[in-house]
A.B. asks: 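The structure under discussion is supplied below as structure tokens; questions concerning it will follow.
In each ligand, atom 1 is the first atom listed, and ligand 1 is the first ligand listed. Computed over heavy atoms, backbone and side chain alike; hydrogens, waters and symmetry mates excluded.
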Amino acid sequence: YDAKRKRNTVRIFQPDLEGKYLLRARIEQLLRGAEKRGEIYMNYQPQVDSSGRLHGVEALVRWNPPELGFVPPDQFVAVAEHSGQMTALGDFIIDNALQEIADIQSSSGRSFCLSLNISVKQLSEPDFADKLQEKIVASGLAFVNVVVEITENILIDDVERMRAVLEQIHAQGIRISLDDFGTGYSSLSLLRHLPLDEIKIDKSFVDHLIEDETALRMARNIVAIGRNYNVTLVAEGVETEAQLECLNQIGCDLYQGYYFSRPLSAEALRCFLDERPL
Ligand code: C2E
Ligand code: MG
Ligand code: MG
Ligand code: MG
């Protein structure tokens, strides 16, 4: 386990368990206080409607520690969750995103939605709904412009408690979105039990839409289910015009993906807005 290998462990496949363990331990150690050292920042990926109008942005966290280089968020968020760091990291993410988007909205005179990915550990905090409410009030952003994205792994914890927290958040006027829809085994029962306003069709369906009849049929079925439950349908990972046309034709409401824009820094988002007067 030499220094050179350590530097590269994040990007390359690590077949041995020991290497994986060491990397996790290193991430856990370096992540502590990373937000205070200015290593954590947010990117924002636009979501547009079928006419190309900006509907909102999804906040995506970024971490670039000098010791490791860029670490993918799903990797360090998982470590944060298992090492008791998610509350500190989550608070930083929420504060930062609300502040930056509120600033951009007031200086550009535009109003659009902000989607926040909220992990199961955050939802399990005893005062999470109240805290979120206070943070939104402090930011000045409208509650109707805030969307909370959750994934199916919230079922790992106590579903009834999760449902109660989401009901409380929903009652404040915040919208709830189910991310990566269709990839877990409980998507349908969640639709019945949770106060959902939106589902995000997972990128894995969008990826194969054009050449794979099964993926297309699945996407159609998801749209039909969404219609039945009266939720907004967002397609994620849209990369080509052909995918967009297909999704538009089967009845999606909103689109997100590299075809429209990669995730942008706050500064780049300002430019994106300037270039799109609508
Ligand atoms: P997600 O919430 O499903 O976010 C969508 C991911 O797809 C993002 O990856 C985004 O950059 C990527 N993506 C969007 N459009 C395209 C496309 O057209 N092509 C391709 N190849 N990729 C696309 P990212 O930023 O690496 O985030 C990965 C996951 O990490 C997220 O999946 C989410 O589960 C988690 N994550 C990111 N930020 C946060 C956060 O602030 N809090 C929490 N709890 N989780 C986060
Ligand atoms: Mg998401
Ligand atoms: Mg997603
Ligand atoms: Mg996904």
Side-chain angles (χ1 to χ4, degrees), residues 10-11 27 31 34-35 39-48 56-64 70-83 85-101 113-125 128 132 135 146-154 156-157 175-184 187 196-210 222 232-244 247 252 254-266 268-269:
V10 168
R11 284 189 200 90
I27 288 177
L31 193 57
E35 70 275 3
E39 295 168 2
I40 308 263
Y41 55 96
M42 304 309 295
N43 274 359
Y44 302 95
Q45 188 176 34
Q47 297 177 338
V48 305
V57 296
E58 177 178 9
L60 295 160
V61 67
R62 298 291 178 253
W63 180 35
N64 208 345
F70 184 79
V71 184
D74 25 19
Q75 221 174 95
F76 70 81
V77 165
V79 174
E81 288 221 296
H82 290 111
S83 59
Q85 304 188 58
M86 199 57 225
T87 299
L89 178 63
D91 282 352
F92 180 83
I93 289 169
I94 296 170
D95 288 336
N96 210 350
L98 285 171
Q99 195 53 66
E100 285 188 325
I101 294 304
C113 295
L114 168 66
S115 294
L116 297 164
N117 291 286
I118 301 297
S119 79
V120 63
K121 280 279 160 19
Q122 291 174 279
L123 279 185
S124 310
E125 294 168 18
F128 183 75
L132 180 62
K135 287 180 185 304
V146 180
V147 180
V148 161
E149 289 192 13
I150 53 162
T151 57
E152 289 177 333
N153 62 19
I154 64 155
I156 293 167
D157 272 45
R175 272 170 304 125
I176 314 288
S177 172
L178 186 54
D179 207 348
D180 306 329
F181 189 84
T183 55
S187 310
L196 296 174
D197 302 285
E198 175 184 286
I199 57 183
K200 297 186 83 172
I201 304 172
D202 192 65
K203 180 178 182 303
S204 55
F205 299 106
V206 175
D207 277 344
H208 304 290
L209 218 48
I210 302 306
I222 293 174
T232 301
L233 288 144
V234 184
E236 57 177 22
V238 182
E239 292 182 347
T240 67
E241 190 174 355
Q243 289 169 346
L244 170 63
L247 290 161
C252 280
L254 299 171
Y255 311 89
Q256 183 180 346
Y258 293 175
Y259 179 67
F260 303 98
S261 172
R262 297 213 166 223
L264 304 168
S265 67
L269 177 61

A.B. asks: Please report the interatomic distance NZ(Lys203) to CG(Asp180), rounded to the nearest 0.5 Å.
C.D. replies: 11.5 Å
A.B. asks: Record the part of Glu81 in heavy-atom contact with ligand 1 below 4.0 Å; permitted values are side chain, backbone, both and neither.
C.D. replies: neither
A.B. asks: For Glu239 and ligand 1, does the shortest N/O to N/O distance drop below 3.5 Å?
C.D. replies: yes
A.B. asks: For ligand 1, is Arg262 a contact, meaning one of its heavy atoms is under 4.0 Å away?
C.D. replies: no
A.B. asks: Check whether any N, O or S atom of Asp180, backbone or side chain, sits closer than 2.8 Å to the Mg ion (ligand 2).
C.D. replies: no
A.B. asks: State, to 0.1 Å, how close Ala59 and Asn117 come at their nearest heavy-atom pair, and which atoms those are.
C.D. replies: O-ND2, 3.2 Å
A.B. asks: Between Thr232 and Glu198, does any side-chain donor sit less than 3.5 Å from a side-chain acceptor?
C.D. replies: no
A.B. asks: Does Val206 offer a backbone N or O that forms a donor-acceptor pair with the side chain of Gln243 under 3.5 Å?
C.D. replies: yes
A.B. asks: Are any N, O or S atoms from Asp179 nearer to the Mg ion (ligand 3) than 2.8 Å?
C.D. replies: yes
A.B. asks: Hey, does the side chain of Gln122 reach the backbone of Ser119 with a donor-acceptor pair shorter than 3.5 angstrom?
C.D. replies: yes
A.B. asks: Taking only heavy atoms of Gly257, which atoms of ligand 1 are found under 4.0 Å from at least one of them?
C.D. replies: 15 (N), 18 (O)
A.B. asks: Would you say Glu149 reaches the Mg ion (ligand 3) with an N/O/S atom under 2.8 Å?
C.D. replies: no
A.B. asks: Show me which atoms of ligand 1 lie under 4.0 Å from any heavy atom of Pro263.
C.D. replies: 11 (O)
A.B. asks: Could you name the option among Pro72, Ser177, Pro73 that has the heavy atom nearest to atom 24 (P) of ligand 1?
C.D. replies: Pro73
A.B. asks: Hey, is the main chain of Lys121 close enough, under 3.5 Å, to the side chain of Glu81 for a donor-acceptor pair?
C.D. replies: yes
A.B. asks: Ring-plane angle category for Trp63 and Phe76, please: parallel below 30°, perpendicular beyond 60°, tilted otherwise.
C.D. replies: perpendicular
A.B. asks: Looking only at non-hydrogen atoms, find the nearest pair between Val120 and Ser124 and report the distance.
C.D. replies: O-OG, 2.6 Å
A.B. asks: So does Glu58 have any N/O/S atom less than 2.8 Å away from the Mg ion (ligand 3)?
C.D. replies: no
A.B. asks: Going by heavy-atom distance to atom 15 (N) of ligand 1, choose the closest among Lys200, Gln45, Gln256.
C.D. replies: Gln45
A.B. asks: Just which atoms of ligand 1 are under 4.0 Å from any heavy atom in Ser119?
C.D. replies: 44 (N)
A.B. asks: Please determine whether Thr151 has a backbone or side-chain N, O or S atom lying under 2.8 Å from the Mg ion (ligand 2).
C.D. replies: no
A.B. asks: Assess the residue pair Gln256 and Gln47 against the criterion (side chain to side chain donor-acceptor pair (under 3.5 Å)); give the C-alpha distance rounded to whole Å, side-chain angles, the decisive distance to 0.1 Å, and a yes or no.
C.D. replies: CA-CA 5 Å; Gln256 183 180 346; Gln47 297 177 338; 2.9 Å; yes
A.B. asks: Please name the atom of Glu236, limited to N, O or S, that comes nearest to the Mg ion (ligand 3).
C.D. replies: OE1
A.B. asks: Taking 4.0 Å as the limit for heavy-atom contacts, which would you say applies to Thr151 with ligand 1: side chain only, backbone only, both, or neither?
C.D. replies: neither
A.B. asks: Suppose I only count heavy atoms of Val61 and a 4.0 Å limit; which atoms of ligand 1 are within that range?
C.D. replies: 38 (N), 39 (C), 40 (C), 41 (O)
A.B. asks: Rounded to the nearest 0.5 Å, what separates atom CG in Leu196 from atom OG in Ser177?
C.D. replies: 8.0 Å
A.B. asks: Any chance you could measure Ile27, atom CD1, to His82, atom NE2, to the nearest 0.5 Å?
C.D. replies: 13.0 Å
A.B. asks: Using a strict 4.0 Å cut-off to heavy atoms of Glu236, name the atoms of ligand 1 that fall inside it.
C.D. replies: 3 (O)
A.B. asks: Could you tell me which atoms of ligand 1, counted from 1 in the order shown, lie closer than 4.0 angstrom to a heavy atom of Asp179?
C.D. replies: 1 (P), 2 (O), 3 (O)
